[in-house]
Amino acid sequence: MIDIVLLVGRLLFVALLYLFLFAIMKTGIGLVKGQRKREKAWEVSVERGPKELRGVKMPVRGPVIVGRSPGADIVIGASYVSARHARFSIMGQNLFVEDLGSTNGTAVNGQRIAEPVALKSGDVVNIGDVTMRVRYE
């Protein structure tokens with residue numbers, strides 16, 4: 001009789017241990033998911049340009065190359081765009097855009113740039129007739 005009581009006690013102990021571990025894992029995963037939701041990130045969205053690009057949104061987590069080359073992250077298939085036209089890059093919490101020596105240049109809020117420029121959320125970057133807006137959300 002005592003053997004049965006000990007067996008039931010062991011099984012209950014193992015079941016409670018598994019429930020405890022499951023509750024800890026569920027709480028840990030919930031905390032990680034919550035951190036990701038609140039994390040802000042930079043995003044580039046195409047507002048005006050070729051029909052196939054309008055509405056495209058790209059999160060910026062590393063360098064983003066814009067150009068005519070098929071290897072670019074945002075490909076603009078127009079003759080006024082250089083193969084590697086501009087680059088968005090993150091340094092710390094800041095987003096920068098730089099012209100990569102293109103023939104026709106890159107403009108931020110209507111001003112042509114010659115060196116890397118720090119962007120603010122809501123700034124507009126123009127490459128020819130393509131308009132891209134950056135957001136920090």
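Keep in mind that what you see is a predicted model, and the values were worked out from it rather than measured. Worth knowing before you read on, the calculation uses all heavy atoms, side chains too, and leaves out hydrogens, waters and symmetry mates.
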Provide the closest heavy-atom pair for [X] versus [Y] in the form atom of the first, atom of the second, distance.
X: Val46; Y: Leu53; value: CB-O, 3.4 Å
X: Gln93; Y: Trp42; value: O-NE1, 2.9 Å
X: Ala86; Y: Val97; value: CB-CG2, 4.5 Å
X: Pro63; Y: Arg87; value: CB-CD, 4.0 Å
X: Ile90; Y: Val60; value: CD1-O, 2.9 Å
X: Arg135; Y: Glu47; value: NH2-OE2, 3.9 Å

> So, does Arg133 use its side chain to make a donor-acceptor pair with the main chain of Gly122 at under 3.5 Å?
Replying inline: yes

>> For the backbone of Ile65 and the side chain of Asp73, can you confirm whether one donor and one acceptor N or O come within less than 3.5 Å of each other?
In response: yes

Out of curiosity, does [Y] fall in the hydrophobic cluster containing [X] (side-chain heavy atoms, cut-off under 4.5 Å, transitive links)?
X: Val75; Y: Val125; result: no
X: Ile4; Y: Leu12; result: yes
X: Val56; Y: Val134; result: yes
X: Leu95; Y: Val124; result: no

Any chance you could measure [X], atom [atom1], to [Y], atom [atom2], to the nearest 0.5 Å?
X: Leu100; Y: Thr106; atom1: CG; atom2: OG1; result: 7.5 Å
X: Asn94; Y: Ser89; atom1: CG; atom2: OG; result: 10.5 Å
X: Glu115; Y: Phe96; atom1: CD; atom2: CZ; result: 10.5 Å

> How would you list all residue pairs meeting side-chain hydrogen bond (donor to acceptor under 3.5 Å, both in side chains) that involve residues 122-132, not counting sequence neighbours?
Replying inline: Tyr80-Asp129, Asn109-Asp123, Asn126-Thr131

>> Measuring only between side-chain heavy atoms, which start at C-beta, is Met132 closer than 4.5 Å to Val66?
In response: yes

> Is there a side-chain contact between Ser102 and Val81 (heavy atoms, below 4.5 Å)?
Replying inline: no

>> Once side-chain hydrogen bond (donor to acceptor under 3.5 Å, both in side chains) is applied, do any residues pair with Arg68, and if so which ones, sequence neighbours excluded?
In response: none

> Listed by chain and number, what are the side-chain hydrogen bond (donor to acceptor under 3.5 Å, both in side chains) partners of Glu43, not counting sequence neighbours?
Replying inline: none

> Does the side-chain contact (heavy atoms from CB on, under 4.5 Å) test come out yes or no for Val44 and Ile74, once each step is laid out?
Replying inline: CA-CA 10 Å; Val44 176; Ile74 299 176; 4.3 Å; yes

> Checking side-chain contact (heavy atoms from CB on, under 4.5 Å) for the pair Met58/Val64: CA distance, chi angles, key distance, verdict?
Replying inline: CA-CA 9 Å; Met58 175 168 279; Val64 173; 3.6 Å; yes

> What do you reckon, is CG of Leu6 surrounded by more than 12 foreign heavy atoms closer than 6.0 Å?
Replying inline: yes

